[in-house]
Amino acid sequence: PKRDPVAEAARLRRLTRATLIAIAVALTCVFVAAFRIHPYDEDGKPGTMSTHTQLGMPPCNFVVLTGKPCPSCGMTTSFALLVRGDVIASARANWVGSIICVLWALMLVWAVASGVWGKPLFVPPGRGEMVFTVIVGAVLTLMLARWAAVLISG
């Protein structure tokens with residue numbers, strides 16, 4: 001059977017559009033969850049971690065086993081505080097979580113816009129994996145650097 005390049009391009013555009021919309025839906029769910037979490041104690045003081053338990057998740061196993069926070073401890077709280085505009089408290093909970101929250105908000109807008117256009121905007125053709133890898137690598141490096149600082153500082 002002969003390959004129809006026009007049909008293949010159309011199928012790829014539909015797949016790309018569906019993937020981008022799925023990303024937007026997933027990120028929307030993250031932000032809805034962040035809005036549903038209450039990151040303050042009874043006195044109105046912002047929390048620093050463990051708000052993920054409000055979503056029915058168990059306490060952090062790393063904290064339970066070692067008494068020390070894991071690299072992602074405080075991220076859910078950070079998101080919940082940042083979506084409320086409490087930037088300072090968000091950064092105190094986990095400043096890398098604050099950065100990720102902003103990146104994901106930008107990604108949400110990008111995914112919707114790209115889905116409407118049917119192609120990943122601002123990503124050079126054939127470079128999507130490289131862009132994704134660089135961003136993930138930078139975020140992981142920041143997470144580990146923050147974690148090391150937290151462990152060193154006690």
Side-chain angles (χ1 to χ4, degrees), residues 14-124 126-154:
R14 282 192 306 274
L15 177 62
T16 299
R17 182 171 275 147
T19 302
L20 290 165
I21 297 304
I23 289 169
V25 168
L27 290 172
T28 299
C29 290
V30 168
F31 286 105
V32 167
F35 275 109
R36 292 191 59 178
I37 292 170
H38 187 71
Y40 301 97
D41 67 15
E42 305 81 38
D43 299 328
K45 183 181 172 195
T48 56
M49 55 190 260
S50 296
T51 54
H52 67 280
T53 58
Q54 295 176 36
L55 299 171
M57 299 167 79
C60 175
N61 285 329
F62 195 86
V63 171
V64 170
L65 293 172
T66 68
K68 304 278 186 197
C70 77
S72 64
C73 274
M75 282 204 187
T76 304
T77 307
S78 178
F79 269 62
L81 291 162
L82 195 59
V83 298
R84 287 167 176 76
D86 199 339
V87 177
I88 301 299
S90 174
R92 278 192 194 119
N94 187 325
W95 59 266
V96 178
S98 304
I99 292 170
I100 293 171
C101 186
V102 170
L103 287 173
W104 284 9
L106 293 171
M107 183 180 279
L108 174 58
V109 172
W110 171 82
V112 170
S114 295
V116 168
W117 265 266
K119 66 177 187 171
L121 299 173
F122 313 115
V123 177
R127 304 295 265 190
E129 286 181 9
M130 186 212 44
V131 170
F132 179 75
T133 302
V134 167
I135 292 170
V136 169
V139 168
L140 288 174
T141 300
L142 289 174
M143 281 178 67
L144 293 174
R146 178 203 166 268
W147 188 43
V150 167
L151 293 176
I152 290 169
S153 69

**Student:** Please table the atom pairs, donor to acceptor, closer than 3.5 Å between any side-chain atom in residues 70-77 and protein atoms at least two apart or in another chain.
**Tutor:**
from	atom 1	to	atom 2	distance (Å)
Thr77	OG1	Thr51	OG1	2.7

**Student:** For Leu65, does the CG atom have more than 12 heavy-atom neighbours from other residues, nucleotides or ligands under 6.0 Å away?
**Tutor:** yes

**Student:** As an exercise, state the distance from CD1 of Ile37 to OG1 of Thr53, rounded to the nearest 0.5 Å.
**Tutor:** 8.5 Å

**Student:** Any pair with a residue in residues 63-105 that passes ring-ring contact (aromatic ring centres under 6.0 Å, His included), sequence neighbours left out, goes on the list, sorted by first then second residue, please.
**Tutor:** Phe79-Trp104

**Student:** Quick check for you: to the nearest 0.5 Å, what is the distance between Leu140 atom CG and Ile135 atom CD1?
**Tutor:** 12.0 Å

**Student:** If you look at every heavy atom in Gly115 and Leu20, which pair is closest and at what distance?
**Tutor:** N-CD1, 3.7 Å

**Student:** Suppose we screen for side chain to side chain contact (heavy atoms under 4.5 Å, CB included). Which residues come up paired with Val32, at least two apart in sequence or across chains?
**Tutor:** Thr28, Arg36

**Student:** Using the side chain to side chain contact (heavy atoms under 4.5 Å, CB included) criterion, which residues pair with Trp117? Sequence neighbours excluded.
**Tutor:** Ala113, Leu121

**Student:** Nearest heavy-atom pair of Ser98 and Leu82: which atoms, and what distance?
**Tutor:** O-CD2, 3.5 Å

**Student:** Output yes when a side-chain donor or acceptor of Ser78 lies under 3.5 Å from a complementary backbone atom of Ser90, and no otherwise.
**Tutor:** yes

**Student:** Only counting residues at least two apart or in another chain, list the ones meeting side chain to side chain donor-acceptor pair (under 3.5 Å) with Arg84.
**Tutor:** none

**Student:** Write down the atom of Leu81, the atom of Pro46, and the distance for their closest heavy-atom approach.
**Tutor:** CD2-CB, 3.8 Å

**Student:** Using ring pair (Phe, Tyr, Trp, His ring centres under 6.0 Å) as the criterion, list what pairs up with Trp110, not counting sequence neighbours.
**Tutor:** none

**Student:** Heavy-atom count around Phe132 CZ within 6.0 Å, excluding the residue itself: above 12?
**Tutor:** no

**Student:** Looking at residues at least two apart in the chain, or sitting in another chain, which of them share a side chain to side chain donor-acceptor pair (under 3.5 Å) with Thr48?
**Tutor:** none

**Student:** Under the side chain to side chain contact (heavy atoms under 4.5 Å, CB included) test, which residues partner Thr19, sequence neighbours left out?
**Tutor:** Leu15, Ile23

**Student:** Any side-chain heavy-atom pair from Ile100 and Val139 closer than 4.5 angstrom?
**Tutor:** yes

**Student:** Filter on side-chain hydrogen bond (donor to acceptor under 3.5 Å, both in side chains), then keep only pairs touching residues 37-47, sequence neighbours left out; what's left?
**Tutor:** Tyr40-Asp86

**Student:** Restricting to ring pair (Phe, Tyr, Trp, His ring centres under 6.0 Å), what partner residues turn up for Phe31, sequence neighbours left out?
**Tutor:** none

**Student:** Applying side chain to side chain contact (heavy atoms under 4.5 Å, CB included), can you list everything that pairs with Thr141, at least two apart in sequence or on another chain?
**Tutor:** none

**Student:** Using every non-hydrogen atom in the two residues, find where Met49 and Val63 come nearest and quote the distance to one decimal.
**Tutor:** CE-CG2, 3.7 Å

**Student:** Which residue pairs satisfy the side-chain hydrogen bond (donor to acceptor under 3.5 Å, both in side chains) criterion with at least one member in residues 144-154, sequence neighbours excluded?
**Tutor:** Asn94-Arg146

**Student:** Would you say Arg92 has more than 12 foreign heavy atoms packed within less than 6.0 Å of its CZ?
**Tutor:** no

**Student:** Check whether Arg17 reaches the backbone of Val116 with its side chain - one donor and one acceptor, N or O, closer than 3.5 Å.
**Tutor:** yes

